[in-house]
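These notes concern the structure reproduced below.
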Amino acid sequence: MDPDLAIRPIGPGDRDAWLPLWRGYQAFYKVDLSDAVTDTTWQRLNDPAEPVDGALAWRGAEAVGLVHHIRHRSAWTVGDYCYLQDLFVADGTRGLGIGRRLIEHVYAAAQAAGCSRVHWLTHETNADAMQLYDRIAEKSGFVQYRRIF
């Protein structure tokens, strides 16, 4: 475990550290979200009334990873579910356990909020990440279908 690594919730003063990671995440998935989406996401991450939360992984003074997660209701449980929506670790720091620590942060936050599960999606070509996911979670067996408007 890296003693210089700290996982901290995203705060209002973290935008300059968060934004390059957010852009890196989009580049990884070959999407370019508008400034309006980025601004709205940032506002939601910093609004305690929103079910959206996030954290940054810090190595010293440098942010090297991000995670966003969303609490939502389920018709199958009393407790909410927690959807781990975005996870990104900066180039040059992958393979150091940062992704695992960010996921564990979400696990702890979800448990503290009374959630009954954490779930997420990844692209079928994201083989490196799936090696980690296979060690720390179970595949659900479900296939995602969607219609975008």
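In what follows, residues are counted from 1 in the order of the sequence shown. Quantities reported herein were computed from a predicted structural model and do not represent experimental measurements.
A distance of 9.0 Å separates CZ of Phe28 from CG of Asp91, quoted to the nearest 0.5 Å. Rounded to the nearest 0.5 angstrom, His72 NE2 and Gln85 CD are separated by 10.0 Å.
The two residues Ile10 and Leu56 have their closest heavy-atom pair at CG1-CG, 3.8 Å. Heavy atoms only, all atoms of each residue included: Ala57 and Ile7 are closest at CB-CD1, 3.5 Å.
Remark: the backbone N or O of Leu45 is not paired with any side-chain donor or acceptor of Glu50 at under 3.5 angstrom. Between the side chain of Thr77 and the main chain of Ser74, no donor-acceptor pair closer than 3.5 Å is present.
Side-chain rings of His119 and Tyr83 approach one another, their centers coming within less than 6.0 Å.
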Could you please spell out the steps behind the side chain to side chain contact (heavy atoms under 4.5 Å, CB included) verdict for Cys115 and Tyr81?
CA-CA 5 Å; Cys115 294; Tyr81 286 0; over 6 Å; no

Begin with the C-alpha distance, continue with both residues' side-chain angles, and end with the deciding distance and a verdict on side chain to side chain contact (heavy atoms under 4.5 Å, CB included) for Val67 and Leu84.
CA-CA 7 Å; Val67 67; Leu84 191 161; 3.9 Å; yes

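With sequence neighbours left out, Trp18 forms a side-chain hydrogen bond (donor to acceptor under 3.5 Å, both in side chains) with His68. Residues passing the side-chain hydrogen bond (donor to acceptor under 3.5 Å, both in side chains) test with Tyr25, sequence neighbours excluded: Asp86.
Salt bridge Asp80/Arg73: present, at least one basic N to carboxylate O contact under 4.0 Å. Ion pairing of Asp14 with Arg8 is absent here, as no side-chain N (NZ or NE/NH1/NH2) approaches a carboxylate O to less than 4.0 Å.
Paired with Asp53 under the rule side chain to side chain donor-acceptor pair (under 3.5 Å), one option of Arg44, His105, Arg71 passes, and it is Arg71.
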